[in-house]
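These numbers come from a predicted model, not from an experiment. Both backbone and side-chain heavy atoms feed into the values below; hydrogens, waters and symmetry mates do not.
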Amino acid sequence: MHSAVEQIFFWSFAVAAVMFGLLALYLGTGWRGGRLGGLLLGAVGTSALWCALSALFGRLTPSLPMLAGVAVAGLARQALWSLFLLGLLRVAVPADARGAAPRIFAGAGLVLFGLLAAMTFFGGPLDVSRRGQLLPALLFAIWQLALVEQVYRNFPPTSRWGIKPLVVGLGCAFAFDLYLFADAFLFGRIDADVAAIRGLVHALAVPLIAMSAVRSHDWTFRVTVSREMVFHTTALAACGLYLLLVSGAGYYVRWFGGDWGRSLQMVLLFSALLLLMVVLFSGSVRSRLRVWVGKHFFVYRYDYRNAWLKFTRALTSPPAGQTSEQGLIGALANLVESPGGVLWQRDADGMFRPRAFLYQTDQGGEEPGDGPLCMLMRTRGWIVNVDEWRTRPEAYDGIAVPAWLVAHTDSWLVVPLLCEEELIGFVVLAAARAPVDVNWEVLDLLKTASRQAASYLARATALAALLEAQKFDSFNRMSAFVVHDLKNLVAQLALLLKNADRHKNNPEFQADMLLTVENVAERMRALMQQLQNKSPMEPRRLVDLADVCTRIVAARGPGISLECDTELAVLAHAERLERIIGHVVQNAREATPESGRVGVEVRREGAQAVVRVTDEGCGMSAEFIRERLFRPFQTTKTNGMGLGAFEVQQYISELGGRVAVDSTPGKGTRVTLYLPLTDRVERFAA
């Protein structure tokens, strides 16, 4: 059964071995061959080995080989740490200012190390009552502590930032060794409790050594510690320390609290856990911790790569339940630990008004686009610090704080959104959760981010306007086609009225007139329905070309011949296809004199149905067909709109067909529509 001190000794050195081993692995993956880096890597590696052997020595039965292994690993560790520190001292002291002092100091260390090695291997079994055995270890600990002090003293003040963590970590470790050996030398015994925690004390220096390795690029380590890792590690360490303190307090209350001790202990522990959960879920505490980590662990406040990636992601993919404008506010607010804000945009009258809110309420207000605040942001691109503006208005050209901004007591920063030097809006950020120093770094990042946000906002606004314009364009195009069809229907009614004087007493003409009027009324109802539904299309279905062409010829009156095959089916919109073919037939009839004829022929040619309309009219030139026939708003008619031929080509192409035109001026025109036949002709046969 191991004693409590033996247990502490084992776990102390075991934890130290794991931490030094992880640091050695971390440094080994990033080492790029530097001499100082190699010495540091060797020192960390031998420290891990020494701690591991010491832990085994404290747990297993001691033996001579194990004792020798611990001694050799300990001497190697001391030698490598000393060489590494001497290398740093050589770098810190210029060559022309070194003199003899560094060489004397290094020689003294070499002599002390030789004595320590000789006493370790040739001094016989350790007997602490013989103080001469402890004297080399004590003197060497003093020399190492002095070496650390010399390294820090000789480094230029501008470069001490990189070695400070290393100096603190190793200085504390060597100071602990000095205390341990000094106590043993004075009292003739080794304090078992102090010796048991030696490994843990050395392990506490590991994070500081790693921090210096990251900061000092001259040691040729390509290693980095992300801010997220430092943040979470610091938070975890703080939580662990907090729980340890609470546990210690709980045990104190339990042992000294009498009959109420256990109850008070449970109340204390539960209250402490509740407080810890409140802190963990507090955005203000997290913000303060991030500010503290960025201020004390890094040269620059921001990790610009991660900050920019997060900012871009927040712009393009806002959190669920937030609009793109709210995502823009959140992206800017997160850069300065602000909980939210208000986005102001310019309206058509030139006034800026609130448009989006993130964890803020609308308190009204408006700002003129040509007012002093907007002109200041537009011309200078300044980010306005509201607190500074209220206390030092002369810093902002003496401009008075607007009434709406005075009412927003929580306002902190006004960030302009400039796109191509045009102010398209600004964001009023609420006060930060933690105190943030608005220095040049914060201002530069906010200015760059606001430019990106303004570009994104301008693009989103332009896209919304484009979509709205496309909707109007689609509706206007549909309206133009509907008006064109109405014109054709009016032309049919006008033709009926023209012939009514001559044929009004003819029963056949009367029947044909009623049929035409009924067809026109039905077509007009369909067109009105299209306008009301804002959709020019209906679902495609099988259409029999023979039936369609028969109705077209019947509606246009006499003078048109029809020859067609049966069972020719195409997949189309019945009414629109009838309108398209009817337009071609109507054009042919209008171009043909009363003595001429118009022929319609519907045939099968392979996998295609062919609708061929031939007339004996005035014809068209090749140049007109090529340059003007199928272009919108191009017409030779005095009352035409120039949309009929354009719609014919558009719709036939949409169905997968094509239009061919053969015409000779003065002789006539032949228009051929090629349409793909459907494979479901058997439905008509049934």
With a 6.0 Å cut-off (strictly less than), is the heavy-atom count around CH2 of Trp11, excluding the residue itself, greater than 12?
no
Count the heavy atoms of every other residue, nucleotide or ligand shown that sit under 6.0 Å from CZ of Arg153, and state whether that count exceeds 12.
no
Please tell me if the side chains of [X] and [Y] come closer than 4.5 Å, counting only heavy atoms from C-beta onward.
X: Leu445; Y: Leu335; result: yes
X: Leu147; Y: Phe174; result: no
X: Val386; Y: Leu413; result: no
X: Trp382; Y: Tyr396; result: yes
X: Arg198; Y: Phe9; result: no
X: Val415; Y: Phe426; result: no
X: Phe113; Y: Pro136; result: no
X: Ile383; Y: Pro416; result: yes

Could you tell me whether a side-chain N or O of [X] sits under 3.5 Å from a main-chain N or O of [Y], the two making a donor and an acceptor?
X: Thr391; Y: Asp387; result: yes
X: Ser338; Y: Ala432; result: no
X: Tyr359; Y: Gly341; result: no
X: Asn154; Y: Gln150; result: yes
X: Ser455; Y: Gln452; result: no

Donor-acceptor pairs under 3.5 angstrom involving side-chain atoms of residues 71-81: please list them, not counting sequence neighbours.
unit_1: Gln78; atom_1: OE1; unit_2: Gln144; atom_2: NE2; d: 2.8
unit_1: Trp81; atom_1: NE1; unit_2: Ser47; atom_2: OG; d: 2.9

What do you reckon, are the aromatic ring centroids of Phe185 and Phe181 less than 6.0 Å apart?
no
Closest heavy-atom contact between [X] and [Y]?
X: Gly340; Y: Gln360; result: C-CG, 4.4 Å
X: Ala453; Y: Leu328; result: O-CD1, 3.5 Å
X: Val414; Y: Met377; result: CG1-SD, 3.7 Å
X: Leu332; Y: Leu446; result: O-CD2, 4.2 Å
X: Phe13; Y: Ala195; result: CE1-O, 4.0 Å
X: Ala331; Y: Ala314; result: CB-CB, 3.7 Å

Let me see the working for Ser82 and Trp143 under side-chain contact (heavy atoms from CB on, under 4.5 Å), right down to the final yes or no.
CA-CA 10 Å; Ser82 299; Trp143 179 83; 3.5 Å; yes
Working to the nearest 0.5 Å, report the span between [atom1] of [X] and [atom2] of [Y].
X: Trp412; Y: Leu429; atom1: CH2; atom2: CG; value: 7.5 Å
X: His202; Y: Ile209; atom1: NE2; atom2: CD1; value: 10.0 Å
X: Leu85; Y: Leu166; atom1: CG; atom2: CG; value: 6.5 Å
X: Ser411; Y: Trp389; atom1: OG; atom2: CH2; value: 10.5 Å
X: Ile8; Y: Asp193; atom1: CD1; atom2: CG; value: 7.0 Å
X: Leu36; Y: Leu83; atom1: CG; atom2: CG; value: 10.5 Å

Working for side-chain contact (heavy atoms from CB on, under 4.5 Å), residues Val151 and Ile163:
CA-CA 9 Å; Val151 169; Ile163 65 164; 4.1 Å; yes
Could you check Val167, Val168, Leu88 and say which one makes a side chain to side chain contact (heavy atoms under 4.5 Å, CB included) with Tyr152?
Val167
Phe155/Leu89 under side-chain contact (heavy atoms from CB on, under 4.5 Å): CA gap, chis, key distance, verdict:
CA-CA 8 Å; Phe155 252 80; Leu89 183 61; over 6 Å; no
side-chain contact (heavy atoms from CB on, under 4.5 Å) for Leu145 and Asp177? Distances and angles first, verdict last.
CA-CA 10 Å; Leu145 198 59; Asp177 289 348; over 6 Å; no
